[in-house]
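Below: the structure, in structure tokens.
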Protein chains: 2
Amino acid sequence: MYYTTVNEKAASPSRDDALRSIQRELTAFARRARSRAAELHPELSLVAFSMLDLMTERGGCRGADLAAYFMLDKSTVSRQVGALEKLGYLVRETDPEDHRGQILRPSPAGLEAMRAAHEQRRIAFLDRLTDWDDADIAQLAAYLERYNSSF
Amino acid sequence: MYYTTVNEKAASPSRDDALRSIQRELTAFARRARSRAAELHPELSLVAFSMLDLMTERGGCRGADLAAYFMLDKSTVSRQVGALEKLGYLVRETDPEDHRGQILRPSPAGLEAMRAAHEQRRIAFLDRLTDWDDADIAQLAAYLERYNSSF
DNA sequence: TCATCTGGATGTACTATACAACCGTGAACG
DNA sequence: CGTTCACGGTTGTATAGTACATCCAGATGA
């Protein structure tokens, strides 16, 4: 056993090394994801893209939902939504049930832009994973789903 | 074989599903990275932390190495390094072999700050990964390293 | 009715970042 | 040699994304 004190969470050295590595690699990934997203689709930032994605998945949602889901300030969401609207990628509709809020939905153009972005990213991933076994890819996907599902 | 046309990149359906999943999950991670980083350790930004980490692991490295690894502009690295130096978290030393470059190393204070930040993050990760086997953690780390090393 | 809550917009400020222009060092080649 | 070009780093400038504070309008409940 590798416990040090009662209160300190500990683990085996090798487990600790792996954790450290996961942290660093995920961080590096996050960094690259941003620059690559910008490069692939200059008009659609990672956050904006994800917002459209959530609207689609939920069949329309309010700004407050986006703020909660992405842990962003409502002012940030307001501006991102404004930008998306200016691009013609979403439409707003005052919520008939509650006139304070708006229901946000991707426009046809927004759906198309999202589809294209998805496809480009898929191709980029394929390039990067060409020489991976199907089994390894499936395993990595499973690990990531498991990791993220803990949020 | 699952090729559709000569020019379109395709893969087996299951492989494609896994790719889509990896894409979505890594993106989800990237979305959360920033807010989580701020929450975990306000004093040491995600990027700065990772830079110190890389310096440590490599036993000192140059700004250009950091820029390449994190896909950042050298000006960005220069400013981050400047900030870390101002905090007393790193020391610079002109490379004796090549007077253009500098060798960057964490200072004792930097090591200590990193140790503290790392411990906080480690605890957060441990919480999230409590019921993972050592083997799974090691495997995930290996996958991420492999993925990132293709850059 | 009035106080309070909630969704959203706007003003302001800060940080991270990129790009471009610059400086000094090193290296290759005539 | 000297010249030219590549490389590492710094600084000026601009932009995007974000938070916080404040304000407004609609909703809600005592």
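Just so we're on the same page: letters track the sequence lines, and every chain starts at 1. In this text, all values refer to a predicted model and were calculated from it rather than measured experimentally.
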query = Between dG9(D), dT17(C), dG8(C), which nucleotide gets closest to the side-chain atoms of Arg62(B)?
reply = dG9(D)
key: Student check: side-chain heavy atoms of Met55(B) and Asp65(B) closer than 4.5 Å   = no
ask   = Has Gln80(B) got a side-chain N or O lying under 4.0 Å from the OP1 or OP2 atom of dT17(C)?
value = yes
message = Can you measure Leu46(A) atom CG to dA16(D) atom C1' for me and round it to whole angstrom units?
response = 13 Å
key: Under-4.0 Å side-chain N/O to phosphate OP1/OP2 contact, Ser45(A) with dG17(D)   = yes
ask   = Under 4.5 Å between any side-chain heavy atoms of Thr94(B) and Ile103(B), yes or no?
value = no
ask   = How is Asp73(A) classified with respect to the nucleic acid when contacts are heavy atoms under 4.0 Å: base, sugar-phosphate, or nothing?
value = base
inquiry  = Please confirm whether the shortest side-chain N or O distance from Arg92(B) to OP1 or OP2 of dG8(D) is below 4.0 Å.
reply    = no
message = Can you measure Ile103(A) atom CD1 to dG8(C) atom C1' for me and round it to whole angstrom units?
response = 14 Å
ask   = How close or far is atom P of dA18(C) from atom CE of Met71(B), stated in whole angstroms?
value = 10 Å
note = In whole angstroms, the gap separating P of dG8(C) from CG of Leu66(A) amounts to 8 Å
Euclidean distance, atom CE of residue Met51(B) to atom C1' of dT17(C) [Å, nearest integer] = 11 Å
message = If I take atom NZ in residue Lys86(B) and atom C1' in nucleotide dT15(C), what distance separates them, rounded to the nearest angstrom?
response = 14 Å
key: Upstream residue (5' side of DNA chain C) when Gln102(A) and Pro96(B) are each assigned their closest nucleotide   = Gln102(A)
inquiry  = Students often get this wrong, so: under 4.0 angstrom with heavy atoms, is Val47(B) touching a base, only sugar-phosphate, or nothing?
reply    = sugar-phosphate
message = With a 4.5 Å cut-off on side-chain heavy atoms, are Val47(A) and Thr76(A) touching?
response = no
ask   = Counting just side-chain N and O atoms, does Ser75(A) come under 4.0 Å of either OP1 or OP2 of dT10(C)?
value = no
ask   = For DNA chain C, whose closest nucleotide is more 5', that of Lys74(B) or that of Arg79(B)?
value = Arg79(B)
query = If you check every side-chain atom of Ser78(A), which of dT10(C), dA27(D), dT17(C) has the closest atom?
reply = dT10(C)
request  = In whole angstrom, give the distance that lies between atom CD of Glu97(A) and atom C1' of dT28(D).
outcome  = 16 Å
task = May I have the step-by-step check of side chain to side chain contact (heavy atoms under 4.5 Å, CB included) for Phe70(B) and Gln80(B), ending in yes or no?
result = CA-CA 12 Å; Phe70(B) 295 107; Gln80(B) 290 285 340; over 6 Å; no
message = Are Met51(A) and Leu104(A) packed together at the side-chain level, in the sense that at least one heavy-atom pair is separated by less than 4.5 angstrom?
response = no
inquiry  = Reading DNA chain D from 5' onward, which residue's closest nucleotide shows up sooner: His99(A) or Ala64(B)?
reply    = Ala64(B)
task = Find the distance Asp95(B):CG to dA27(C):C1' and express it as a whole number of Å.
result = 15 Å
task = Would you indicate which nucleotide in dG24(C), dT22(D), dT17(C) comes nearest to any side-chain atom of Arg100(B)?
result = dG24(C)
